[in-house]
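Single-structure report; data block below.
Each residue takes its place number in the sequence, starting with 1.
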Amino acid sequence: MARRDAFTEHFLRRAGFGASPDEREAYEDQGVAATLDEFLAPDSTPDPVDQYIGQPGFVGVTARTPFSPNSLINDARQRWLFRMVHTRRPLQEKMALFWHQHFATAYGKIAGALGAPAAARVMAAKPSEDPVRQRGQIELFRQYALGNFRDLVIEVARDPAMLVWLDGRSNVRGRPQENFARELLELFTLGVGHFTEDDVTSGSRVFTGWNLARVGNRDDPDVQYSFAYNANQHDTGAKTFSFPIYGGGSRTIPARSAQEGQQDGLDLINALAAHPATAERLARQLYAFFVSELTAAPADFVANVGGTYLRSGFDMRATVRAVFESPDFAAPWSMYARYSWPVEFVVRAIKETGWAGFSVNSALAPLVSMGQQLFEPPHVGGWRRGPAWFSTGAVLARASFAATLAQSQRTALRDQASRYRQSPQSLVGFVLDRLTPTRFEDGPYADLLAYVQAGGEWTGSDAQLLTKTAGLVHLVLCSSEYQVA
């Protein structure tokens with residue numbers, strides 16, 4: 001199919017992970033406005049995508065034992081990639097990835113504390129499939145993907161994976177542990193420059209007693225970890241901050257009884273969610289994720305999106321809508337003004353190239369080499385983005401993955417390219433339309449053409465199509481024109 005709507009392509013790359021040729025055509029017919037409405041209401045779209053895992057017609061998964069994404073992290077990674085390829089709720093998955101970066105939590109440390117199966121469960125389990133209805137962190141992000149930010153932060157503060165990751169279990173009266181409070185202030189809400197070291201200390205005292213309960217033996221496959229408030233471990237004294245906590249301007253959370261102490265955390269999170277610095281920080285993060293990493297968020301964008309966040313009562317659906325309806329998102333300069341994260345590159349490449357007989361398991365090792373392993377951000381700040389994705393090794397990993405994927409689809413690509421066999425130019429046009437890279441300038445385009453023409457006179461035979469179409473797909477996927485979205 002020929003490319004006919006650049007803005008729809010732009011929207012699908014940013015609000016989702018690109019689109020297969022059939023999906024792109026359907027969304028172009030529907031129009032961006034209606035598609036945005038659909039994407040912003042994921043609960044209105046049936047989502048049986050996990051039921052398709054292992055079925056013909058979908059990208060494959062590979063498992064040595066029965067596929068167990070609720071207890072094996074390798075399988076959980078495959079399930080998430082599968083969902084990114086096939087979900088009918090792409091913005092929900094994209095926001096889950098956004099929150100995974102924002103509240104970066106790594107499986108490795110949790111596995112060391114709880115054991116591998118339990119760690120996989122607290123990171124990825126679906127309650128509907130879990131014997132004790134454990135909800136993994138990524139399911140939390142999916143549930144609150146476009147929900148209320150304050151509610152999400154409260155759930156994160158109580159999340160078993162986060163309680164292990166930022167050492168909430170050791171935050172007790174008389175010995176406050178600062179890790180969660182520091183990241184809550186620095187990374188999750190206000191940002192650097194808007195809080196003091198005394199705020200970190202007070203914040204850590206607020207969350208004393210927010211702990212983790214274990215039901216069952218650690219080695220029991222059904223062992224359950226859940227949030228538990230331990231009043232005996234709570235610091236009941238007053239806590240004072242450098243910013244207002246309450247509407248009247250008071251900066252002090254009053255002394256409370258131990259039994260009422262959990263309210264301290266709710267009061268602090270309410271104040272942080274309502275702080276203008278949080279609104280501005282979220283607006284900037286959303287700009288980098290959905291609009292451009294190449295330029296700083298303009299002041300009017302921050303004011304508009306941050307203002308929407310505050311006026312809507314911290315509603316992310318309204319806030320994200322403001323991003324996609326902003327003049328900045330629609331501006332021609334924002335198209336391809338963002339580097340593809342490794343997982344975005346992999347999923348888009350699969351969707352646009354094809355997946356017959358291909359397993360997402362084949363993408364896991366290349367993703368590590370590209371610098372992004374799902375459920376394993378390198379530190380609390382998440383992954384370094386932008387040009388940092390493109391080390392020499394990472395670029396080679398992208399090229400190697402592109403070759404593997406293209407070769408796996410060579411027969412299907414040959415068949416689909418058969419209508420374009422009349423000339424090398426026609427074949428190159430077919431591949432560039434199918435893969436939706438940014439424009440190839442004259443020089444790089446001539447290189448693609450020369451590749452097709454190399455090796456003898458072009459006849460458009462099946463043998464030439466088999467080799468050259470897959471080769472062209474490989475070249476385009478690993479080109480600089482394809483690494484931006």
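- Residues Arg121 and Glu129 are not paired through a salt bridge, judged by the lack of any N-O separation under 4.0 Å between the basic side chain and the carboxylate.
- Classification of the Phe289-Trp341 ring pair by plane angle, with boundaries at 30° and 60°, yields perpendicular.
- Asn217 places no side-chain N or O within donor-acceptor distance of the main-chain N or O of Val223, the cut-off being under 3.5 Å.
- Side chain of His474 to backbone of Gln407: no donor-acceptor contact under 3.5 angstrom is found.
- Side-chain N/O atoms of Glu38 and Thr35 include no donor and acceptor closer than 3.5 Å.
- The backbone N or O of Ile350 lies less than 3.5 Å from no partner atom in the side chain of Thr353, so there is not a single donor-acceptor pair.
- When atom types are taken as modelled, the side chain of Asp47 and the backbone of Arg89 share no donor-acceptor pair closer than 3.5 angstrom.
- The shortest side-chain heavy-atom distance between Gln177 and Arg169 does not fall under the 4.5 Å cut-off.
- Between Phe301 and Tyr287, the two ring planes are perpendicular [angle over 60°; tilted spans 30° to 60°].
- Ring geometry, His10 versus Phe7: the interplanar angle falls from 30° to 60°, so the pair is classed tilted.
- Atom-to-atom distance recorded for Phe314:CZ and Leu282:CG is 11.0 Å, nearest 0.5 angstrom.
- Taken from CD in Gln78 to OG in Ser68, the straight-line distance is 11.0 Å, to the nearest 0.5 Å.
- With values rounded to the nearest 0.5 angstrom, Glu344 atom CD is found 4.0 Å from Arg338 atom CZ.
- Judged purely by distance below 3.5 Å, without hydrogens or angles, the side chains of Gln372 and Trp389 never pair a donor atom with an acceptor atom.
- At a cut-off of 3.5 Å, with distance as the only test, a side-chain donor of Thr436 or Glu352 sits close to an acceptor on the other residue.
- A 4.5 Å side-chain heavy-atom check between Leu212 and Phe227 finds every atom pair outside the cut-off.
- Taking the ring centre of Tyr482 as origin, the terminal cationic atom of Arg348 falls inside the region bounded by 6.0 Å and 45° from the ring axis.
- Salt-bridge check for Glu9 with Arg13: passed, with a basic side-chain N closer than 4.0 Å to an acidic carboxylate O.
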For side-chain contact (heavy atoms from CB on, under 4.5 Å), just list the numbers for Asn179 and Glu183, CA-CA rounded to whole Å, side-chain angles, deciding distance to a tenth of an Å, and then say yes or no. CA-CA 6 Å; Asn179 284 353; Glu183 306 314 343; 5.6 Å; no

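- Here Trp80 and Phe375 bring their ring centres to under 6.0 angstrom of each other.
- Panel note: side chain Arg14, backbone Ala485; a donor-acceptor pair is recorded below 3.5 Å.
- Residues Asp167 and Ser170 meet the side-chain proximity criterion, which asks for heavy atoms closer than 4.5 Å.
- Ring geometry, His100 versus Trp383: the interplanar angle exceeds 60°, so the pair is classed perpendicular (tilted spans 30 to 60°).
- Not one N or O on the side chain of Arg83 forms a donor-acceptor pair closer than 3.5 Å with the backbone of Glu93.
- When side chains are defined from C-beta on, Pro342 counts as touching Arg398, because their heavy atoms get closer than 4.5 Å.
- In this structure, the side chains of Met316 and Trp99 come closer than 4.5 Å at one or more pairs of heavy atoms.
- Going from atom NE2 of His102 over to atom CG of Leu97 covers 13.5 Å, rounded to the nearest 0.5 Å.
- Arg182 and Glu197 are joined by a salt bridge, as a carboxylate oxygen and a charged side-chain nitrogen come within less than 4.0 angstrom of each other.
- In terms of modelled atom types and a separation under 3.5 Å, the side chain of His234 and the main chain of Thr208 share a donor-acceptor contact.
- At a cut-off of 3.5 Å, with distance as the only test, no side-chain donor of Arg256 or Gln262 sits close to an acceptor on the other residue.
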For Arg79 and Asp75, run side-chain contact (heavy atoms from CB on, under 4.5 Å): C-alpha distance rounded to whole Å, both residues' side-chain angles, the deciding distance at 0.1 Å, then the answer. CA-CA 6 Å; Arg79 179 167 67 181; Asp75 291 359; over 6 Å; no

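- Salt-bridge annotation for Asp264 and Arg205: absent, with no side-chain N of the basic residue lying under 4.0 Å from a carboxylate O of the acidic one.
- Judged by distance alone, with hydrogens and angles left aside, the side-chain atoms of Tyr309 form no donor-acceptor pair with the main-chain N or O of Val320 at under 3.5 Å.
- Taking the six-membered ring where the residue is Trp, Phe243 and His275 present perpendicular rings, their angle passing 60° and hence far from 30°.
- Between Gln143 and Arg135, the side chains place a donor N or O and an acceptor N or O closer than 3.5 Å (distance only, hydrogens not considered).
- Rounding to the nearest 0.5 Å gives a distance of 11.0 Å between CG of Leu272 and CG of Asp267.
- In summary, the aromatic rings of Tyr27 and Phe39 are positioned with their centroids under 6.0 Å apart.
- The distance between the ring centers of Trp210 and Phe207 falls below 6.0 angstrom.
- Side-chain contact check for Thr319 versus Leu146: every heavy-atom pair is 4.5 Å or farther apart.
- Side-chain contact between Ile253 and Tyr246 is present, with at least one heavy-atom pair separated by less than 4.5 Å.
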What verdict does the side-chain contact (heavy atoms from CB on, under 4.5 Å) test give for Ile245 and Thr252, after you've listed the backbone C-alpha separation in whole Å, the side-chain angles of each residue and the deciding distance to 0.1 Å? CA-CA 7 Å; Ile245 297 295; Thr252 299; over 6 Å; no

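- Side-chain contact annotation: Thr62 with Ser359, donor-acceptor N/O pair under 3.5 Å present.
- With hydrogens and angles left out, the side-chain atoms of Gln416 and Arg434 include a donor and acceptor closer than 3.5 Å.
- Defined by atom type and a distance below 3.5 Å, a donor-acceptor pair is present between the side-chain atoms of Gln137 and Thr105.
- Between Lys351 and Asp22 there is no salt bridge, since no side-chain N of the basic residue sits under 4.0 Å from a carboxylate O of the acidic one.
- Judged by distance alone, the side chain of Lys94 and the main-chain N or O of Gly16 form a donor-acceptor pair under 3.5 Å.
- For Glu23 (side chain) and Ser20 (main-chain N/O), a donor-acceptor pair under 3.5 Å exists by modelled atom type.
- A distance of 10.5 Å separates NE2 in His86 from OH in Tyr52, rounded to the nearest 0.5 Å.
- Looking only at atom types and distance, the side chain of Asn211 has no donor-acceptor partner in the side chain of Tyr229 under 3.5 Å away.
- Between Val291 and Leu286, every side-chain heavy-atom pair lies at or beyond the 4.5 Å cut-off.
- Using a 4.0 Å cut-off between charged side-chain N and carboxylate O, Glu139 and Lys126 make no salt bridge.
- A donor-acceptor pair shorter than 3.5 Å can be found between the side chains of Asp199 and Thr196.
- Between Phe103 and Phe141, the two ring planes are parallel [angle under 30°; tilted spans 30° to 60°].
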